Amino acid sequence: METKKALIMCRTGMGSSMMLKIKVDKLIDKNHYPLDVTHDAFSGFAGQQNVDIIITMEDLIDEFKGSSAYVIGVKDIMDMEFLENELNKYFESQKK
């Protein structure tokens, strides 16, 4: 499978997006996901619309309606199981 691009975003691009990136990097190591991850503030989305997955806080999900990317809305940054399940769903859907 080709490497997919993921963009992790929060409102400012400093706190929660960096924490989520660290969590996703751990899941990439654990599950060997073919995923290239960057993080940015929500305002940076306009210049980075060529992504396969967007991972953001749940309150920002509506901002990505109409995007062709698979959007994961996170309620709890510490919930690795939820994030892993969502990434597994995405990669399973890519096998079809």
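What you see below is based on every heavy atom in this structure, not just the backbone, and it leaves out hydrogens, waters and symmetry mates. What you are looking at is a predicted structure, and each value in this text was computed from that prediction instead of being measured.
Residue pairs meeting the salt bridge (Lys or Arg N to Asp or Glu O under 4.0 Å) criterion with at least one member in residues 16-29, sequence neighbours excluded, are K21-D25.
Considering every non-hydrogen atom in both T3 and D36, the closest pair reads CG2-N, 3.8 Å. Taking both residues in full, the closest heavy atoms of K4 and D52 are given as CA-OD2, 3.3 Å, listed atom of the first, atom of the second, then distance. Residue I53 comes nearest to A69 through the heavy atom pair N-CB, 4.3 Å, listed as atom of the first residue, atom of the second, then distance. The shortest heavy-atom contact between S67 and I54 is OG-CD1, 3.9 Å. Nearest heavy atoms, V74 versus F82: CA-CE2, 4.2 Å. Counting all heavy atoms, side chain and backbone alike, I77 lies closest to S16 at CD1-CB, 3.4 Å.
Without hydrogens or angle criteria, S17 side chain to I8 main chain gives no donor-acceptor distance under 3.5 Å.
Considering CG of L27 and CG of L35, their distance stands at 10.0 Å, rounded to 0.5 Å. Distance check: D76 CG to M57 CE gives 7.5 Å after rounding to the nearest 0.5 Å. How far CZ of F64 is from CD1 of I72: 12.5 Å, rounded to the nearest 0.5 Å. Going from atom NZ of K5 over to atom OG1 of T38 covers 8.5 Å, rounded to the nearest 0.5 Å.
For K30, the side-chain hydrogen bond (donor to acceptor under 3.5 Å, both in side chains) partners at least two apart in sequence or on another chain are E84. With sequence neighbours left out, the side-chain hydrogen bond (donor to acceptor under 3.5 Å, both in side chains) criterion links Y33 to N31, N88. When the side-chain hydrogen bond (donor to acceptor under 3.5 Å, both in side chains) test is applied to K75, no partner is found at least two apart in sequence or on another chain. Taking E81 as the reference, nothing meets the side-chain hydrogen bond (donor to acceptor under 3.5 Å, both in side chains) condition, with sequence neighbours excluded. Considering only residues two or more places apart in sequence or on other chains, S93 meets the side chain to side chain contact (heavy atoms under 4.5 Å, CB included) condition with Y90.
Under the 4.0 Å criterion applied to side-chain N and carboxylate O atoms, E86 and K89 are assigned as salt-bridge partners.
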